[in-house]
Number of protein chains: 2
Amino acid sequence: MLTADDAVDVLKGYLSKNGLKMTGQRELVTQVFFDPEHKEDHPTVEELYIRVRSLDTKVGYATVYRTLKLLTECNLANPTRFGENQTRYEPEQPGEHHDHMVCTECNAIIEFEDQRIEELQELVAEKLGFVLTDHKMVLFGEPLESCASSGCRRPD
Amino acid sequence: MLTADDAVDVLKGYLSKNGLKMTGQRELVTQVFFDPEHKEDHPTVEELYIRVRSLDTKVGYATVYRTLKLLTECNLANPTRFGENQTRYEPEQPGEHHDHMVCTECNAIIEFEDQRIEELQELVAEKLGFVLTDHKMVLFGEPLESCASSGCRRPD
DNA sequence: ATCCATGCAAAGGATTTGCAAAGAT
DNA sequence: ATCTTTGCAAATCCTTTGCATGGAT
């Protein structure tokens, strides 16, 4: 399991390798993004900005955007659209991959992994003449029981 | 196979059922959207607007947006994001479903269908306590042969 | 000392909306 | 006649960028 500190280290490596600099803001954004308390969140830039702001009121919106772009470049963040008009980001665990199920009743985002689907995706890509480099899969569904009683958590 | 005229009929039904009105613009947009010559396209609003404009210079941008929203409501259009900052729409065939493979070299969008994946998606949803109502799956991959020689068609 | 990063505000691009005029039932 | 739709422009939302200042190596 990648801790927030590990993530900061990975970012540091990426930055120095590219002649860029580690800064207090970049570290703070990374720490907040990887905070285990929000592990299952899929925050928007705004949500992350608010969390960062509560720790340092001077950080600008653009810095959060720019840092998230950096984190994406070094595979620490994964941007995804869940049918809304804004990008959500989730912390990446190296070597792990999961897809998402969105509850049509309460918009909760539930993570899952299915190795059989992943394998089939590679096969399909190959049959089409490609080497699979990435994929996005989002399932939408109605909960069998009402959300109140089920595991759905309203993310916003 | 749903023809453009069939689509117009479906739209008419939807409109009258909802106290809305068929208009020349709505019919034109629908015809252009379902034009068999562009069957495999996944046009953006702008691309569609340009095609519509070439037939009737007086149609407004907003009308194309609004018509596409109506078509989506009656399941004649399916909006999807392919990692760009704009929505692409594809004509829907009732009872048919396909997913997409995007070429990372030339951005060609290739359609495919895989029944095994569809089945697994339903199983996964069920196991999570949902009835699958929709899904989006986009694969990204590098072409085994360079695009020039392979089946990739540059869509834009 | 030299570059890079920051914060702000302005710009950008996609999409939506308000409104007066035109159109459909 | 009534209510909807249209086209235009303005507004909105998310995201990116330019620039002067502050910060990291």
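Throughout, protein chains are lettered first and strands after them, A, B, ... in sequence-line order, and every chain is numbered starting at 1.
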Scoring nucleotides 8-20 of chain D by protein non-hydrogen atoms under 4.0 Å (B base, S sugar-phosphate only, - none) yields B-----SBBBB--

Q) Just by distance, with hydrogens left out, do B/His98 and B/Gln93 show a side-chain donor and acceptor under 3.5 Å apart? A) no

Pairs under 3.5 angstrom, nitrogen or oxygen only, protein versus nucleotides 23-25 of chain C, please.
unit_1, atom_1, unit_2, atom_2, d
C/dG23, N2, B/Lys21, NZ, 3.4
C/dA24, N3, B/Lys21, NZ, 3.4

Sorted by chain and residue number, the side-chain hydrogen bond (donor to acceptor under 3.5 Å, both in side chains) partners of B/Glu46 (sequence neighbours excluded) come out as none

When the rotation axes relating C1' atoms of four end pairs to the next four are compared across the helix from C/dA1-D/dT25 to C/dT25-D/dA1, five pairs an end, they differ to 10° by 30°

Closest to the 5' end of DNA chain D, once B/Gly19 and B/Thr63 are matched to their nearest nucleotides, is B/Gly19

In whole angstroms, the gap separating P of C/dC3 from CG of A/Asn18 amounts to 18 Å

Sorted by chain and number, sequence neighbours left out, side-chain hydrogen bond (donor to acceptor under 3.5 Å, both in side chains) with A/Tyr49 holds for A/Arg53

Across all chains, not counting sequence neighbours, the side-chain hydrogen bond (donor to acceptor under 3.5 Å, both in side chains) partners of A/Asn78 are A/Thr80

Please determine whether a side-chain nitrogen or oxygen atom of A/Arg26 lies at a distance below 4.0 Å from atom OP1 or OP2 of C/dT6. yes

Salt bridge (Lys or Arg N to Asp or Glu O under 4.0 Å) pairs touching residues 113-133 of chain B, sequence neighbours excluded, are B/Asp114-B/Arg116

Taken in chain and number order and not counting sequence neighbours, the residues that satisfy side-chain hydrogen bond (donor to acceptor under 3.5 Å, both in side chains) with A/Asp134 are none

Residue set satisfying side-chain contact (heavy atoms from CB on, under 4.5 Å) with B/Val10, at least two apart, ordered chain then number -> B/Leu76

note: B/Glu27, atom CD; D/dT4, atom C1'; distance rounded to Å ~ 17 Å

In whole angstroms, the gap separating P of C/dA5 from CD of A/Glu73 amounts to 11 Å

Those residues at least two apart in sequence (or on a different chain) that pass salt bridge (Lys or Arg N to Asp or Glu O under 4.0 Å) with B/Asp56 are B/Lys58

Under 3.5 Å, sequence neighbours excluded: what are the donor-acceptor pairs made by side chains of residues 66-74 of chain B?
unit_1, atom_1, unit_2, atom_2, d
B/Thr67, OG1, B/Thr63, O, 2.7
B/Thr72, OG1, B/Leu68, O, 2.7
B/Glu73, OE1, B/Tyr14, OH, 2.5

side-chain contact (heavy atoms from CB on, under 4.5 Å) filter on B/Ser16, not counting sequence neighbours, yields none

Notebook entry, point to check: Is there a donor-acceptor contact under 3.5 Å from the side chain of B/Arg81 to the main chain of A/Arg81?
Noted result: no

